[in-house]
Enquirer: 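Once you've had a glance at the structure underneath, I'll fire off some questions.
To find a chain, count down the sequence lines: A is the first, B the second, and so on, and within it residues start at 1. Side chains included, hydrogens not; waters and symmetry mates left out as well; all remaining heavy atoms used.
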Amino acid sequence: MRFDLEIDPLDLGQTLGCGQTFRWRAAPDGTWAGPLGDQFVVLRKAGRRLIVEAKPGGRHVRKLVRKHLRADDDIDEVHRVLGTDKVLADGISQLKGLRIVKIDEWECLASFVLATYANIPRITKMIETLSTRYGTRIAGGVRAFPTHSQLARATSHELMKCGLGYRAQYVKTLCETIDEHQLEHLRTLPYEKLRKELVELPGVGDKVADCVSLFGFGRLEAFPIDVWIERALARLYGRKGNYSKLRAFAAKRFGPYAGYAQEYLFYNERLHAPNGSCLFSKEERK
DNA sequence: GCCCAGGAGTGTG
DNA sequence: CACACTCATGGG
């Protein structure tokens, strides 16, 4: 099936290729393709419109795409609020098309547990391998990220063979600790309570809890701090300190849209990096 | 080969 | 509380 809808501003590369989500792939013709729920979706921007092609299709695809791209976010409002920060204002004018993405809670949780101390190309590969081996086939060779029960069937030894390294045990224990019912409960919590419960999970520390709060549970006030954000805060604001200190600074400075501020900072800090941005693996880049 | 990665867990002072 | 150390590994 094929249809179009209005989501604007939206830059697919800035949004789907900036390390929030790991399963979208850019084609040379400018389209972006990836699994979304039970669909294989191809996206293309045409002016203010977004052209969507989906297999196998269905009534719910429009809602799926709108939710994933957070179509109801008021980007003008975000920029109006964050633009009052003169340090941030310089860097964000070219990033109006970057939207925070809304990922399935379980997929997001597992993905960012995998993301600990690995670079983005490697994270992408780990997730790809898990999907290939344990996920449900959607269309062609594309498979969905494995559900909790699908992934729970894997032994830690099998997970090791997927190239997860020491993260295999995190994932294994995570599967044994959490269930769908608990995920349902977490959805009801406000950000502070949510992150508090998330850090109790195995393999989930401050940073992963904030990534999952932001991308998985859609709490826009979350501000994940990784090595790149640490550098950005030091370089642009002269701020250093431990996680809770930096987090408090971000909350005060960026308020309810700290998540967007974080993504703008992350994007620019990576462009600022010496060896290019490393957003994609070599294979994907050519 | 070397360096580093969207860190977390654990132990110690 | 703050550090220090370890964890397993592949992409650049």
Side-chain angles (χ1 to χ4, degrees), chain A residues 14-24 98 100-101 103 107-130 155-178 195-217 219 222-235 240-248 250 258-286:
Chain A
Q14 289 176 355
T15 300
L16 302 178
C18 70
Q20 302 182 69
T21 173
F22 305 99
R23 300 218 59 201
W24 292 93
L98 196 174
I100 297 291
V101 156
I103 307 169
E107 176 173 351
C108 187
L109 177 58
S111 294
F112 279 96
V113 165
L114 291 176
T116 61
Y117 208 45
N119 58 28
I120 291 179
R122 186 175 175 191
I123 299 163
T124 302
K125 181 166 276 185
M126 287 189 281
I127 291 172
E128 205 57 48
T129 303
L130 290 184
T155 66
S156 53
H157 178 67
E158 288 169 344
L159 293 173
M160 282 294 273
K161 286 194 296 183
C162 292
L164 306 196
Y166 62 85
R167 302 164 196 84
Q169 194 53 52
Y170 288 166
V171 172
K172 188 62 202 164
T173 315
L174 181 66
C175 286
E176 292 165 352
T177 305
I178 202 168
R195 80 181 308 283
K196 217 173 207 177
E197 293 206 21
L198 286 172
V199 293
E200 297 300 316
L201 297 171
V204 180
D206 286 329
K207 188 266 177 182
V208 170
D210 278 327
C211 283
V212 177
S213 296
L214 179 57
F215 307 126
F217 290 87
R219 305 299 194 271
F223 188 85
I225 302 165
D226 66 349
V227 291
W228 299 96
I229 295 299
E230 246 178 67
R231 286 170 201 159
L233 292 179
R235 186 169 65 84
K240 296 177 185 179
N242 62 29
Y243 199 97
S244 65
K245 219 168 178 182
L246 292 177
R247 191 168 78 92
Y260 268 97
Q262 189 271 2
E263 214 51 31
Y264 298 141
L265 291 171
F266 182 73
Y267 193 97
N268 278 326
E269 193 63 22
R270 292 179 65 88
L271 290 181
H272 200 264
N275 64 336
S277 65
C278 295
L279 286 171
F280 305 105
S281 70
K282 245 185 191 170
E283 189 62 25
E284 291 174 85
R285 248 182 297 169
K286 71 175 162 83

Enquirer: If you apply the rule ring pair (Phe, Tyr, Trp, His ring centres under 6.0 Å), what do you find for A/Phe266 with A/Phe223, and how did you get there?
Expert: CA-CA 11 Å; A/Phe266 182 73; A/Phe223 188 85; over 10 Å; no
Enquirer: Closest nucleotide of DNA chain B for A/Ala118 versus for A/Asp206: which of these residues is on the 5' side?
Expert: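 The answer here is A/Ala118.
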Enquirer: Give a yes/no verdict on base stacking between B/dA5 and A/Tyr117: centres under 5.5 Å, planes within less than 30° of parallel.
Expert: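 Base of B/dA5: not stacked against A/Tyr117.
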Enquirer: Would you give the length of the straight line joining atom CZ of A/Arg167 to atom CE of A/Met160, rounded to the nearest 0.5 angstrom?
Expert: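 The CE atom of A/Met160 is 10.0 Å from CZ of A/Arg167, to the nearest 0.5 Å.
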Enquirer: When you measure only distances, ignoring hydrogens and angles, does the side chain of A/Arg167 come within 3.5 Å of the base of C/dT9 through a donor and an acceptor?
Expert: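 No, the side chain and the base share no sub-3.5 Å donor-acceptor pair.
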Enquirer: In whole Å, I'd like the distance from the CD1 atom of A/Ile127 to the P atom of C/dG11.
Expert: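 Those two atoms, CD1 and P, are 14 Å apart.
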Enquirer: Going from NZ on A/Lys125 to CG on A/Leu114, what distance comes out if it is rounded to the nearest 0.5 angstrom?
Expert: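 Answer for the NZ-CG pair, A/Lys125 versus A/Leu114, is 14.5 Å.
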Enquirer: Per the atom types in the model, does the base of C/dA8 pair as donor or acceptor with the side chain of A/Tyr166 at under 3.5 Å?
Expert: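 No pair found.
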Enquirer: Name the nucleic acid region contacted by A/Val208, choosing base, sugar-phosphate or nothing; use a 4.0 angstrom heavy-atom cut-off, strictly under.
Expert: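 Answer is sugar-phosphate: A/Val208 comes under 4.0 Å of backbone atoms only.
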Enquirer: Is there any salt bridge (Lys or Arg N to Asp or Glu O under 4.0 Å) pair reaching into residues 223-235 of chain A, and which pairs are they, with sequence neighbours excluded?
Expert: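 Non-adjacent pairs meeting salt bridge (Lys or Arg N to Asp or Glu O under 4.0 Å): A/Arg235-A/Glu269.
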Enquirer: Grab the CD-P distance between A/Glu230 and B/dA5 for me, whole Å please.
Expert: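 Between P of B/dA5 and CD of A/Glu230: 11 Å.
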Enquirer: According to a strict under-4.0 Å criterion, is A/Asn242 in side-chain N/O contact with OP1 or OP2 of C/dA2?
Expert: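 Yes, A/Asn242 has a side-chain N/O under 4.0 Å of OP1/OP2 on C/dA2.
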Enquirer: Which residues satisfy the side chain to side chain contact (heavy atoms under 4.5 Å, CB included) test with A/Ala222, sequence neighbours excluded?
Expert: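 A/Ala222: side chain to side chain contact (heavy atoms under 4.5 Å, CB included) contacts with A/Tyr191, A/Asp210, A/Ser213, A/Leu214.
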Enquirer: Between the protein and nucleotides 9-13 of chain B, which nitrogen or oxygen pairs come in under 3.5 angstrom?
Expert:
| from | atom 1 | to | atom 2 | distance (Å) |
| --- | --- | --- | --- | --- |
| B/dG9 | OP1 | A/Gly203 | N | 2.7 |

Enquirer: Assess the pair A/Tyr117 and A/Tyr166: is the distance between their ring centroids shorter than 6.0 Å?
Expert: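 Ring-ring flag for A/Tyr117/A/Tyr166: false, centres at least 6.0 Å apart.
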